[in-house]
> 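Just passing along the structure, written as structure tokens.
Lettering of chains follows the sequences in order, A, B, ..., and the numbering in each one begins at 1.
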2 protein chains.
Amino acid sequence: MNTENAKSQMRKGMLEYCILLLLHKGPAYASDIIQQLKEAQLIVVEGTLYPLLTRLKNDRLLRYEWQESTQGPPRKYYALTLDGEEFLRHLDGAWNELTNTVNILRSGSKAEVILT
Amino acid sequence: MNTENAKSQMRKGMLEYCILLLLHKGPAYASDIIQQLKEAQLIVVEGTLYPLLTRLKNDRLLRYEWQESTQGPPRKYYALTLDGEEFLRHLDGAWNELTNTVNILRSGSKAEVILT
DNA sequence: TTTCAGTACCTTGTATTGCAAAGTATATTT
DNA sequence: AAATATACTTTGCAATACAAGGTACTGAAA
């Protein structure tokens, strides 16, 4: 029984939402984002994050600025655009619908078993 | 801005959970499941559902029985196996983690904007 | 100067899976 | 027999999470 794969599948699609939520609080660069998500108990790896950030930037939901670092190479700080903020509100709605759906399905009482 | 695609992506992975939740209440056949999910505001189509049911059956999480119908061809009634019930409890845990993550990310206050 | 370690960004290939669209099969009605 | 309704199935495509490996810049040690 592969629970890990199921959890990974559950994360699909949620990641985009979580990253936008995080960036709504303020700009961050990739390693930063990975760290913050980990603190929120969401494991993400670079190979997942970088293409996602690039896609969101190409869709004009994010923008970035290079910033010098006191130690190490410069960092790409990502931030939400106005479009990104609006999109985030749509995703808030989608998330609300989804939790509502799960609550409906969870709350129903277990029917009598028909199969013998 | 393609909201539909994002919502579709959010559904990914959740579908498996929702279907197991639904079948936990009692056996159902495919059209039945589609109808019940629609009532819970989750749109699923046949091309999505049938392969998923087959996969869950092959993983021994579901089983089915043919049942005659008063009108139309016989129906495949799916039900959870014991493994399926156990797996569902794991998914309950994963779902709780995910909602927790989103709540953490949602609740944080918006930081000061660094980018100009 | 060269080398090494640390940090950060990026790319390629693979597997999974949702979905549209089309197909097959059975039962009932005309 | 043909048409309709119901139900199950398959094929091909697109999106995306992830593992694994690669590139580039910085600063300190050899």
> Between A/Tyr29 and A/Tyr77, is the ring centroid distance below 6.0 Å?
yes
> Return the value, rounded to whole Å, for the distance between atom CG of B/Leu49 and atom P of C/dG18.
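One finds 10 Å between P of C/dG18 and CG of B/Leu49, rounded.
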> Tell me: CD of A/Gln67 to P of D/dT26, nearest whole Å?
15 Å
> For A/Leu80, which of A/Leu20, A/Leu56, A/Leu21 qualifies under side chain to side chain contact (heavy atoms under 4.5 Å, CB included)?
A/Leu20
> Please evaluate the base of C/dT16 for a donor-acceptor partner in the side chain of A/Lys12 within a cut-off of under 3.5 Å?
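Side chain to base: pair found, below 3.5 Å.
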> Using only side-chain N and O atoms of B/Thr48, determine if any of them is under 4.0 Å from OP1 or OP2 of C/dG18.
no
> Under 3.5 Å, is there a donor-acceptor pair between the A/Arg75 and A/Tyr64 side chains?
no
> Quickly work out the B/Lys76 NZ to D/dT9 C1' distance and round it to whole Å.
9 Å
> Hey, could you give me the CG/OG1 distance between B/Leu61 and B/Thr81, rounded to the nearest 0.5 Å?
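It comes to 5.5 Å.
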> Are B/Leu23 and B/Ile33 side-chain neighbours, meaning at least one heavy-atom pair lies under 4.5 Å?
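In short, these two side chains touch, coming nearer than 4.5 Å.
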> Nearest whole angstrom, please: distance from the C1' of D/dA17 to the CD1 of A/Ile43.
14 Å
> Report the nucleotide, chosen from D/dA7, C/dC9, D/dC18, that has the shortest atom-to-atom distance to any side-chain atom of B/Arg75.
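It is D/dA7.
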> When the distance from CD1 of B/Ile34 to C1' of D/dT6 is rounded to whole Å, what number comes out?
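Distance check: B/Ile34 CD1 to D/dT6 C1' gives 12 Å.
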> Return the nearest nucleotide to the side chain of B/Val45; candidates are C/dC9, C/dC19, D/dC18.
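Closest of the options to the side chain of B/Val45: C/dC19.
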> Quick one: is C/dC9 close enough that its OP1 or OP2 comes under 4.0 Å of any side-chain N or O from A/Tyr50?
yes
> Which pair of non-hydrogen atoms, one from A/Arg106 and one from B/Asn96, has the smallest distance, and what is that distance?
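Closest approach of A/Arg106 to B/Asn96: NH2-OD1, 3.2 Å.
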> Of B/Met14 and A/Glu46, whose nearest nucleotide on DNA chain C comes first from the 5' end?
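It is A/Glu46, whose closest nucleotide lies nearer the 5' terminus.
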> Round to the nearest Å and state the distance from A/Leu52 atom CG to D/dA19 atom P.
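Those two atoms, CG and P, are 15 Å apart.
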> Is the shortest side-chain N/O distance from B/Tyr29 to OP1 or OP2 of D/dA7 below 4.0 Å?
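Answer is yes, contact under 4.0 Å.
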> Tell me: CE of B/Met10 to P of C/dC19, nearest whole Å?
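So the two atoms are 14 Å apart, to the nearest Å.
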> Look at B/Arg55 and C/dT17 and indicate whether a side-chain polar atom (N or O) is within less than 4.0 Å of OP1 or OP2.
yes
> Which listed nucleotide (C/dC19, D/dT16, D/dT9) is nearest to the side chain of A/Glu16?
D/dT16
> Can you see if the side chain of B/Arg11 gets near the phosphate of C/dC19 - specifically, an N or O under 4.0 Å from OP1 or OP2?
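For C/dC19, OP1/OP2 do have a side-chain N/O of B/Arg11 under 4.0 Å.
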> Within the structure provided, determine whether A/Phe87 and A/Glu16 are in side-chain contact (heavy-atom separation under 4.5 Å).
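SC-SC contact between A/Phe87 and A/Glu16 confirmed.
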> Between the protein and nucleotides 25-30 of chain C, which nitrogen or oxygen pairs are less than 3.5 angstrom apart?
residue, atom, partner, partner atom, Å
C/dT28, OP1, B/Thr70, O, 3.4

> How close or far is atom P of C/dC10 from atom CG of A/Asn58, stated in whole angstroms?
11 Å
> Test of understanding: clusters of I, L, V, M, F, W, Y form through side-chain heavy atoms closer than 4.5 Å, transitively. Do A/Trp66 and A/Tyr50 belong to the same one?
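They do not share one cluster, since no chain of ILVMFWY contacts under 4.5 Å joins A/Trp66 to A/Tyr50.
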